[in-house]
Amino acid sequence: MVSHKRIIGLNLFFFVSLWAQAGQKEPVYDCRNRNGERIDIYSEDQGTRVVRTNRLGKNPIEWKVPTYLAFEDKPREPIRYLYAPSKNSFEIREQLFRESNPQELRLMLIQDGEVLTGWQCFYHGAQLNIRMLENLSDSSRADLLFVTRSVKGFVTEEKVSDESLGMLVTLIERYAFWSKKIDKTEIKRLVIPVFQPVVYLSPAMVKQVNTRLSAVARATWDLILAEENYESFAPVQRLIFWVNLGSRNNNEAVRAGIRGFVKSPLFQDKNMQKFFQTETRTTIQGMSSEILNQIAGSGLSEPETNFLKKMWKERNP
């Protein structure tokens with residue numbers, strides 16, 4: 001029996017193969033709309049290149065899309081998300097459904113924040129049924145995984161990584177663009193399922209994001225934080241999230257979570273200590289003694305170090 005992880009690997013391999021087969025001279029996708037305009041999407045050494053021309057094949061507009069991420073979307077198939085970390089950019093979202101007959105590839109194209117509608121796309125090299133995603137809400141699942149990845153870019157309590165910051169800014173700017181086209185009720189409905197993970201950002205991280213946004217996007221960011229009830233979010237859950245980033249080998253995030261909890265009034269409550277220990281047990285169980293000593297070796301006070309070592313000793317219930 002093939003494991004789910006093996007299936008994920010096979011599907012991601014299929015995506016890589018799918019793009020590689022087309023080569024640099026022939027587009028991976030060629031797309032046309034009702035007006036005869038054309039979009040060609042190429043796979044190249046430096047990433048993805050997108051070229052849009054009019055119905056006569058003239059007046060080309062070109063985008064470089066250098067970054068792609070692959071997200072597991074259990075129990076569904078993986079999502080592949082291609083984007084450029086800039087405001088004037090092109091985004092591509094793909095999700096392959098191998099079990100359908102014929103195999104179906106769901107494809108969304110976003111040009112400068114606008115979801116493209118009325119296009120048909122064809123893949124060069126394999127028999128695939130391509131279904132275009134054209135509703136704003138069709139981006140929600142990929143966007144949620146995008147936000148989830150971005151908030152894991154912990155550097156210190158004050159900041160996320162440059163990559164994570166760019167991811168968040170790119171997405172918030174897109175939703176800000178949409179907010180100018182739809183009413184407030186609709187934009188709230190869109191942001192609520194997508195931006196849930198931002199509650200794990202510290203107040204300093206929230207400010208870090210804010211400084212990179214345009215004026216319109218700042219208003220959207222404020223709306224997002226309000227709709228996600230950021231101010232009411234229990235800080236202990238944020239500290240638990242940071243400790244659990246230890247599963248991604250982020251030692252500084254573990255230190256920050258331990259420091260924050262030991263310094264909080266909650267630490268004086270034995271029941272809260274037990275809750276914290278239970279919620280982080282899986283991560284602590286996965287720590288070797290070498291990793292434990294690395295984390296405890298710097299950046300923690302004696303009480304903080306003692307609490308971490310206590311959790312490690314009691315990690316097996």
Side-chain angles (χ1 to χ4, degrees), residues 7-8 10-24 26-44 47-53 60-85 88-147 149 167 170-171 174-175 177-178 190 193-194:
I7 293 171
I8 291 289
L10 288 171
N11 284 330
L12 293 180
F13 176 77
F14 181 86
F15 268 132
V16 171
S17 300
L18 181 145
W19 279 76
Q21 287 172 23
Q24 295 185 7
E26 188 177 69
V28 177
Y29 299 114
D30 71 73
C31 310
R32 298 167 194 256
N33 67 8
R34 302 182 188 96
N35 299 323
E37 293 177 291
R38 180 167 176 159
I39 291 176
D40 291 316
I41 302 175
Y42 298 86
S43 174
E44 299 183 339
T48 302
R49 181 168 61 94
V50 180
V51 181
R52 180 169 179 167
T53 53
I61 305 171
E62 186 169 312
W63 295 267
K64 297 288 187 182
V65 187
T67 306
Y68 83 87
L69 298 171
F71 301 117
E72 289 189 10
D73 188 26
K74 298 177 181 178
R76 291 165 289 209
E77 307 281 0
I79 292 175
R80 180 177 158 104
Y81 199 177
L82 299 92
Y83 74 103
N88 297 312
S89 62
F90 205 97
E91 299 173 62
I92 304 164
R93 175 250 175 107
E94 304 166 312
Q95 189 166 26
L96 178 68
F97 289 79
R98 292 169 62 92
E99 300 305 317
S100 60
N101 188 19
Q103 292 181 356
E104 180 177 271
L105 183 72
R106 296 180 187 176
L107 183 65
M108 173 175 273
L109 305 178
I110 303 174
Q111 178 185 324
D112 297 333
E114 190 83 61
V115 176
L116 299 185
T117 61
W119 289 79
Q120 277 190 305
C121 291
F122 302 91
Y123 169 68
H124 289 268
Q127 292 294 322
L128 286 176
N129 180 30
I130 297 180
R131 182 160 74 88
M132 302 302 294
L133 303 178
E134 299 186 338
N135 297 318
L136 299 185
S137 59
D138 287 335
S139 74
S140 294
R141 185 62 188 168
D143 289 348
L144 170 61
L145 297 172
F146 195 69
V147 175
R149 178 79 62 88
M167 291 168 71
T170 296
L171 201 59
R174 166 147 56 85
Y175 278 81
F177 176 76
W178 290 354
L190 289 173
V194 168

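Throughout, residue positions are numbered sequentially from 1 according to the sequence presented.
- Nearest heavy-atom pair across Pro85 and Pro66 is CD-CG, 4.4 Å.
- A distance of 10.5 Å separates OG1 in Thr48 from CZ in Phe90, rounded to the nearest 0.5 Å.
- Every salt bridge (charged side-chain N to carboxylate O under 4.0 Å, His left out) that Glu37 has, sequence neighbours left out, goes to Arg52.
- Closest approach of Val51 and Pro60 over heavy atoms only: CG1-CB, 4.1 Å.
- In this structure, CD1 on Ile79 lies 12.0 Å from CZ on Phe146, to the nearest 0.5 angstrom.
- A pairwise comparison of heavy atoms in Gln95 and Asp73 identifies NE2-OD2, 3.0 Å as the closest pair.
- For Asp143, the side chain to side chain donor-acceptor pair (under 3.5 Å) criterion is met by Tyr81, Ser139, Arg174, Tyr175, not counting sequence neighbours.
- The two residues Tyr123 and Ile130 have their closest heavy-atom pair at N-CD1, 3.8 Å.
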Practice task
Evaluate the side-chain contact (heavy atoms from CB on, under 4.5 Å) criterion for residues Glu94 and Tyr29: first the C-alpha distance (whole Å), next the side-chain angles of each, then the deciding distance (0.1 Å), finally the verdict.
Solution key: CA-CA 12 Å; Glu94 304 166 312; Tyr29 299 114; 2.6 Å; yes
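- How far CG of Leu96 is from CG of Leu107: 11.5 Å, rounded to the nearest 0.5 Å.
- Identified under the salt bridge (charged side-chain N to carboxylate O under 4.0 Å, His left out) test for residues 62-71, with sequence neighbours left out: Glu44-Lys64, Arg49-Glu62, Glu62-Lys64.
- Between the CG atom in Asp30 and the CH2 atom in Trp119 there is a gap of 10.5 Å [rounded to 0.5 Å].
- Rounded to the nearest 0.5 angstrom, Ile39 CD1 and Leu109 CG are separated by 6.0 Å.
- Here the CZ atom belonging to Arg149 is positioned 12.0 Å from the CG atom belonging to Leu144, to the nearest 0.5 angstrom.
- Of all heavy-atom pairs between Arg98 and Gln103, the closest is O-CG, 3.4 Å.
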